[in-house]
Protein chains: 2
Amino acid sequence: MASGRRTIKDVARLAGVSLGSASRALSGANNVSEDTIARVQRAAASLRYRPNHAARSLRSRSTKTIGCMFSDLSNPLYARLFGTLEDRLAREGYVTLISNTSNQLDREIRTLKLFTERGLDALIIAPAHERNRELNEFIEHLPMPYLILDREMLVKADTILFDHAAGIAQVVDHLAELGHTRIGLVTANLKSRPGRRRIAAFKAAVRAHGLKLSDENLVLPESSMSSAYDDVIKMLSRKDRPTSIIVQGTGVLSSTMNAIARLGLRIPDDISLVSIGRADFILNHVPAISTLRVDYEKLSEEITARLFERLGNGNGRKPPLRRLFPYVFEVRGSSTAPPRE
Amino acid sequence: MASGRRTIKDVARLAGVSLGSASRALSGANNVSEDTIARVQRAAASLRYRPNHAARSLRSRSTKTIGCMFSDLSNPLYARLFGTLEDRLAREGYVTLISNTSNQLDREIRTLKLFTERGLDALIIAPAHERNRELNEFIEHLPMPYLILDREMLVKADTILFDHAAGIAQVVDHLAELGHTRIGLVTANLKSRPGRRRIAAFKAAVRAHGLKLSDENLVLPESSMSSAYDDVIKMLSRKDRPTSIIVQGTGVLSSTMNAIARLGLRIPDDISLVSIGRADFILNHVPAISTLRVDYEKLSEEITARLFERLGNGNGRKPPLRRLFPYVFEVRGSSTAPPRE
DNA sequence: ATGAAAGCGCTAACAC
DNA sequence: GTGTTAGCGCTTTCAT
């Protein structure tokens, strides 16, 4: 079967043209005759010819491949972003290579080495270890353009940061306006930026409204896949329990909903709920869940725009870009309501 | 930066050896002196040398890459399988390239073309269109070994099929033994094998127990992401509603749980529930949900074993393999109980 | 154990 | 518009 693989040489011979003409005909260059194109294409089709990507990228110095490094693809939030991004890049003729690192440092470094060896054209990365020296140094020496997603690395580079502060503030504003004075937060206590920022932003927003900030209204499981069940049960069983909660839309959310159901509480009658991130598994929830989410279409657009800017010739050492990307607060109306009292 | 990329030539020059020796030293051949190896490695490190994968695979005719084609990676079941598979293959030095096709025929064909162009070493595929002629023909002419996952294609090839019949039968047996006489099924009405087989197996198993098979106990939403909420509400509001249900562990499951909670039913007191597939979002559910699942570790093992068998020299036209892969019924005890009456 | 040289399949530069 | 040729970076002969 390896020997059965046809090369462009075979195509050229069958079409009765030179190797160069065959290449031009196949790649849609402008200086080829209609006739040549037709004959070459017919020859290629009849031979089931498929260009050899290794040879092509060795010569052209482009792999037409973009690498993505996330912590975990089964995180429903990332899975959705990746899907959108893949579609967007495919339209541009790029393949997306993704890698899960499970937040492990050695896997992050190994992944970047791999991406380098494979000569990927550009990268989109969200490393877990923002202050690790070795990782930062490696990233700094990356030979291709790259974009950092919602991480504050030591190295100065193109970065898109989610505006957690403004996003969370919007939600807290909304709940406070409805009359809620006791607001809870349920989110993984991550060391990386999203975790840090979310918690800090929540505290700041609650204080800004002159509400008292009780640690008892904070449920911070270790990871996004941890169960928040027991702690949420405890939090919502208190006499002065929060009347509204903001919940990270991962495994944390499903265990929270589980706890709410178990306590016989109704959304929004007994408790208002807002999800951070629009997880697939609550997409059809009844009632619809208000969500603080990122517009993945727009984000993909933004990411590709930045990447292609660097990929083009306009890469002449423009200063690193730092962009704050907004959240969208999608009030579905039915998951939040004024507190009863 | 492109010009900054070091080649093996640079390494050889700095180490003071020939290009060939440098290659041998780096690839750990046996006919190199310790001294050479040391000097070459030092040179490589100081130059931050990274081998060029395109050149390597052009020459060696191996990309060390395995392609996976699934319908949808945000399907929690597939996401988990992919993660396991990726880890397993990485340990063998292979990179995994995945592609979502969203069950679209043109994307499936485009993906296979892409995989061919990139010269992937082997493929794992689960096409949606099992009887499409063009697709089958394309697959038949694939130049690399491939393995078909739970699909009955026209083309005869290595195939691993999930044993839906035995799996579903096990669950129905369990429920029948507990005394359930009215058992429901909630699963996407897919055209592809998993959908077809699940529904057929359910009907057969119910009949085998002499139970009456009521269409009213079948909820078959269009896709795995569809909401089953309204239909489950309807099904469980009937006087003679099922006392136990088997539910596909995707978006279908979350909307079903949503409906159960809304009706104020308790698991397992009011209704027994078994999930098909162990979705992340119910991993920590209270009570634990009994699950009919595939052992992804074992499956990954099986898949890699098959693939490497074909990849090795033992590929001499052994007849296509057809393997029935078992489900594991994990009774968590607490989500199923005898019906009350 | 080492160096020299061929060549993987392709694109791009150069002649005409 | 077309043919010829060089060479991308590497592995793998073949001499020595």
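Here is how names work: the chains are called A, B, and so on, in the same order as the sequence lines, proteins then strands, and each is numbered from 1. All values derive from a computational prediction rather than experimental measurement. All values below were derived from every heavy atom in this structure, side-chain atoms included, with hydrogens, water molecules and symmetry-related copies excluded.
OP1 and OP2 of D:dC8 both lie 4.0 Å or more from every side-chain N or O belonging to A:Arg61. Of the side-chain N and O atoms in A:Ser23, one or more sit less than 4.0 angstrom from OP1 or OP2 of C:dT11. Residue A:Ser33 places at least one side-chain N or O under 4.0 Å from the OP1 or OP2 atom of D:dT2. The shortest distance between the side-chain N/O atoms of A:Ser18 and the OP1/OP2 oxygens of D:dT4 is not below 4.0 Å. A:Thr36 has a side-chain polar atom (N or O) that falls below the 4.0 Å cut-off from OP1 or OP2 of D:dT2. At the phosphate of C:dC10, neither OP1 nor OP2 sits under 4.0 Å from any side-chain N or O atom of A:Ser57.
For the side-chain contact (heavy atoms from CB on, under 4.5 Å) test, residues two or more places apart in sequence or in another chain that qualify with B:Leu161 are B:Asp150, B:Glu152, B:Thr159, B:Arg193, B:Arg322, B:Leu324. Shown here are the ring-ring contact (aromatic ring centres under 6.0 Å, His included) partners of B:Tyr146, two or more places apart in sequence or in another chain: there are none. Looking at residues two or more places apart in sequence or on another chain, you find a side-chain contact (heavy atoms from CB on, under 4.5 Å) between A:Arg50 and B:Lys113, B:Thr116, B:Glu117. A:Ser33 pairs by the side-chain contact (heavy atoms from CB on, under 4.5 Å) definition with A:Asp35, A:Thr36, not counting sequence neighbours.
A:Arg5 has its CZ atom 13 Å from the C1' atom of C:dC10, to the nearest Å. Here D:dT11 presents its P atom at 10 Å from CG of B:Asn52, a figure rounded to the nearest Å. Between the C1' atom of D:dC10 and the CZ atom of B:Arg6 lies a distance of 18 Å, rounded to the nearest Å. Spacing between atom OH of B:Tyr49 and atom P of D:dG9 amounts to 10 Å, rounded to whole angstrom units. Protein atom CD1 of A:Ile8 is 14 Å distant from nucleotide atom C1' of D:dG3, rounded to whole Å. Atom P of nucleotide D:dC10 and atom NZ of B:Lys64 are separated by 18 Å, given to the nearest angstrom. For the pair A:Arg118 CZ and D:dC8 C1', the interatomic distance rounds to 18 Å; values are reported in whole Å. Between the CG atom of B:Asn30 and the P atom of C:dA1 there is a distance of 8 Å, rounded to whole Å.
Here B:Leu123 contributes atom CG and B:Ile148 contributes atom CD1; the two are 10.0 Å apart, rounded to the nearest 0.5 Å. Rounding to the nearest 0.5 Å places CZ of B:Arg110 at 10.0 Å from OG1 of B:Thr101.
A:Asn31 comes within contact range of at least one nucleobase, with a heavy-atom separation under 4.0 Å.
A salt bridge does not link B:Glu302 with B:Lys298: every distance from a Lys NZ or Arg NE/NH1/NH2 to an Asp or Glu carboxylate oxygen is 4.0 Å or more.
Position along DNA chain D of the nearest nucleotide to B:Ser21 versus B:Leu58 favours B:Leu58 as the more 5'-ward residue. When each of B:Arg59 and B:Ala22 is assigned the nucleotide of DNA chain C with its nearest heavy atom, B:Ala22 is the one assigned upstream, toward the 5' end. Between A:His53 and B:Leu19, the residue whose closest nucleotide on DNA chain C is further toward the 5' end is B:Leu19.
Across the helix from C:dA1-D:dT16 to C:dC16-D:dG1, the helix axis at one end is tilted relative to the axis at the other end by 40° (nearest 10 degrees, each axis from five pairs).
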Side-chain donor-acceptor pairs of residues 81-90 of chain A under 3.5 Å, sequence neighbours excluded:
{"unit_1": "A:Thr84", "atom_1": "OG1", "unit_2": "A:Arg80", "atom_2": "O", "d": "2.9"}
{"unit_1": "A:Glu86", "atom_1": "OE1", "unit_2": "B:Asn100", "atom_2": "ND2", "d": "3.3"}
{"unit_1": "A:Asp87", "atom_1": "OD1", "unit_2": "B:Arg107", "atom_2": "NH2", "d": "2.9"}
{"unit_1": "A:Arg88", "atom_1": "NE", "unit_2": "A:Glu301", "atom_2": "OE1", "d": "3.0"}
{"unit_1": "A:Arg88", "atom_1": "NE", "unit_2": "A:Glu301", "atom_2": "OE2", "d": "2.7"}
{"unit_1": "A:Arg88", "atom_1": "NH1", "unit_2": "A:Glu92", "atom_2": "OE1", "d": "2.6"}
{"unit_1": "A:Arg88", "atom_1": "NH2", "unit_2": "A:Glu301", "atom_2": "OE2", "d": "2.8"}

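Listed by first and then second residue, the salt bridge (Lys or Arg N to Asp or Glu O under 4.0 Å) pairs that reach into residues 16-26 of chain B come to none, sequence neighbours excluded. Contacts classified as salt bridge (Lys or Arg N to Asp or Glu O under 4.0 Å) and involving residues 139-148 of chain A (residues at least two apart or in different chains) are not found.
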Taking only nitrogen or oxygen atoms into account, show me every contact under 3.5 Å that the protein makes with nucleotides 14-16 of chain C, one pair per line with its distance.
none

